[in-house]
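Below: one structure, written as structure tokens.
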2 protein chains.
Amino acid sequence: MTLTRESILEAALRLCSPEGGGQLTFSRLGKELGADPTAVYRHFRDKDELVLALTDLVIQEGIELARQTLPDGPSDDWRAWLAVTAHSVRTSHLARPALAVLAAARTTASPAETHSVEQLISVLHRAGLPVIEAAECYRALLDMTLAMTQYTAAFSILDRQAQEQDEAAWAVKYGMLPEDEFPLLHRSAPRLTELFRDDDTVFALVLDTFLDGVAVRIGRAGEA
Amino acid sequence: MTLTRESILEAALRLCSPEGGGQLTFSRLGKELGADPTAVYRHFRDKDELVLALTDLVIQEGIELARQTLPDGPSDDWRAWLAVTAHSVRTSHLARPALAVLAAARTTASPAETHSVEQLISVLHRAGLPVIEAAECYRALLDMTLAMTQYTAAFSILDRQAQEQDEAAWAVKYGMLPEDEFPLLHRSAPRLTELFRDDDTVFALVLDTFLDGVAVRIGRAGEA
DNA sequence: ACCTGAACACCGTTCAAGT
DNA sequence: ACCTGAACACCGTTCAAGT
């Protein structure tokens, strides 16, 4: 069978999924494709180029996912718009954690997202923010979302031993605090233990607080 | 010369600094110590144990840094307290980017931070948040900060070629947008270009918006 | 034109051998 | 008790050889 760019990308995405086993390497990719590991070099200059191409696909998927949830026309519900965008970006990346670790900090020149960025800024602008501030807000939201996503992905692809070790460390830290010395931690330890690596809830918390902050900024802009 | 745990940790921290060259490996560590690379195994079970020990040191350094800026007694300026804490954590991690990438998502059982967490929750509690909500807020702030830090560190240790490639991609994306199709992006492109990898400003933006959100939550708690 | 397979420089890690 | 150095299984990458 002869390889194509598409069949390689597809196989690579499969490897990066949680079921795919956790890591993107040439030897695993070769095995998945039934070809010699180095055959991929005929289609991608190096691993970085492969990662960048995969990143494009995941970004596109995230945009697609957002589009399915968002209304077609313009919307005045800026808060829902931002929340859906953030969750979509996060969801599409976390479907391939092994890639998210490599991709999240990278920028590609894919034109796919340009329209969606323009829309996002326009939603914030119509909500009341000056254009520049709307752009800053978009940048802050996206960086925060990608960072939290990479953070979660990095932990999720650690080997089981390291994950259990961290969980044990957490239990030690917050499990047996003397009440008189740490009264507040003692009372909130159960909740903190619940939140341990419940990344979805922590992300929702961060996002919600951030959006409350955006509301404040919109309010301030309205006064002026 | 005989190795000690401390001399190894010190050398490893040096390697992880920006001047240290970018990556923590056993062979580089051996060279730095003037010993065989595998000699480190006499003092640390594996690389993970070494990374965890280094993480402890960096966390301690961050707490130390915060303590120098924060008042000794209790404070009612919750906003300054949270901002100083976040910036200190970030600064101490970014002094060793190569470690930050490995460390940020990990938890150690180091007791050093327990007191500082209790203090943080207490500041938020005195500001008006119920205990549980104060704890959630601490968790959200710390995860956001560590995530943004890891995100920045991951980019900063990429090889020069990849960094320049990303910068070029950015220029392509936002450099020549048709004004009629992307009116808002066209107007904010200069600012977005400025923000590209000006991680300090972006982090300050995210943190500030987050803290505005915390203020909203404190206000809501006061009403009830 | 595309794939194969040996080879190289690098990882972390193990283990027998030295002192 | 601690260090050395050969060895192993893995990386990404190059290149001559095959079809």
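Since the structure is predicted, the reported quantities are computational estimates derived from the model, not experimental observations. Here is how names work: the chains are called A, B, and so on, in the same order as the sequence lines, proteins then strands, and each is numbered from 1.
Under a 3.5 Å cut-off, the side chain of A/Q163 and the backbone N or O of A/F155 do form a donor-acceptor pair. Without hydrogens or angle criteria, B/T152 side chain to B/T149 main chain gives no donor-acceptor distance under 3.5 Å.
Note: CG (B/D36) to P (D/dA7) measures 14 Å, nearest angstrom. Atom-to-atom, CD of B/E49 to P of C/dG12 comes out at 15 Å; the value is rounded to the nearest Å. Rounded to a whole Å, the CZ atom of B/F26 is 19 Å from the P atom of D/dA6. Atom-to-atom, CG of A/L33 to C1' of C/dC3 comes out at 12 Å; the value is rounded to the nearest Å. D/dG12 atom P lies 14 Å from atom CG of B/D159, rounded to whole Å. Put simply, CG on B/L29 is 12 Å from P on D/dC3, counting in whole angstrom units. Atom-to-atom, CZ of A/R5 to C1' of C/dC3 comes out at 18 Å; the value is rounded to the nearest Å. Between the CG atom of A/L3 and the P atom of C/dC3 there is a distance of 4 Å, given to the nearest Å.
The OG atom of B/S92 sits 13.0 Å away from atom NE2 of B/H87, with the distance rounded to the nearest 0.5 Å.
Helical stems of DNA chain D (runs of at least 3 Watson-Crick or G-U pairs, donor-acceptor distances under 3.5 Å) are listed by first residue: C:4-8 with D:12-16, C:12-16 with D:4-8.
Of the residues in residues 38-48 of chain A, those with a non-hydrogen atom less than 4.0 angstrom from any atom of DNA chain D are A/T38, A/Y41, A/R42, A/D46, A/K47.
Every residue two or more places apart in sequence or in another chain was checked for a side-chain hydrogen bond (donor to acceptor under 3.5 Å, both in side chains) with A/E167, and none qualifies. Take A/Q119 and apply the side-chain hydrogen bond (donor to acceptor under 3.5 Å, both in side chains) test, not counting sequence neighbours, and it matches no residue.
Taking the six-membered ring for Trp and the full ring otherwise, B/Y174 and B/H186 have centroids separated by 6.0 Å or more.
Applying the ring pair (Phe, Tyr, Trp, His ring centres under 6.0 Å) test to every pair with at least one member in residues 3-55 of chain A, sequence neighbours left out, gives these pairs: A/F26-A/Y41.
Among the protein residues, A/L24 comes within range of the sugar-phosphate backbone only, with heavy atoms under 4.0 Å from sugar or phosphate atoms but none that close to a base.
With salt bridges taken as basic N to acidic carboxylate O contacts below 4.0 Å, one links A/D48 and A/R106. Comment: B/R191 does not engage B/D198 in a salt bridge, judged by the lack of any side-chain N to carboxylate O separation of less than 4.0 angstrom.
For the residue pair A/S88 and A/T85, no side-chain donor N or O sits within less than 3.5 Å of a side-chain acceptor on the partner. A donor-acceptor contact under 3.5 angstrom links the side chains of B/S17 and B/E19, judged on distance only.
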Atom pairs, N/O to N/O, protein against nucleotides 8-10 of chain C, distance under 3.5 Å?
none

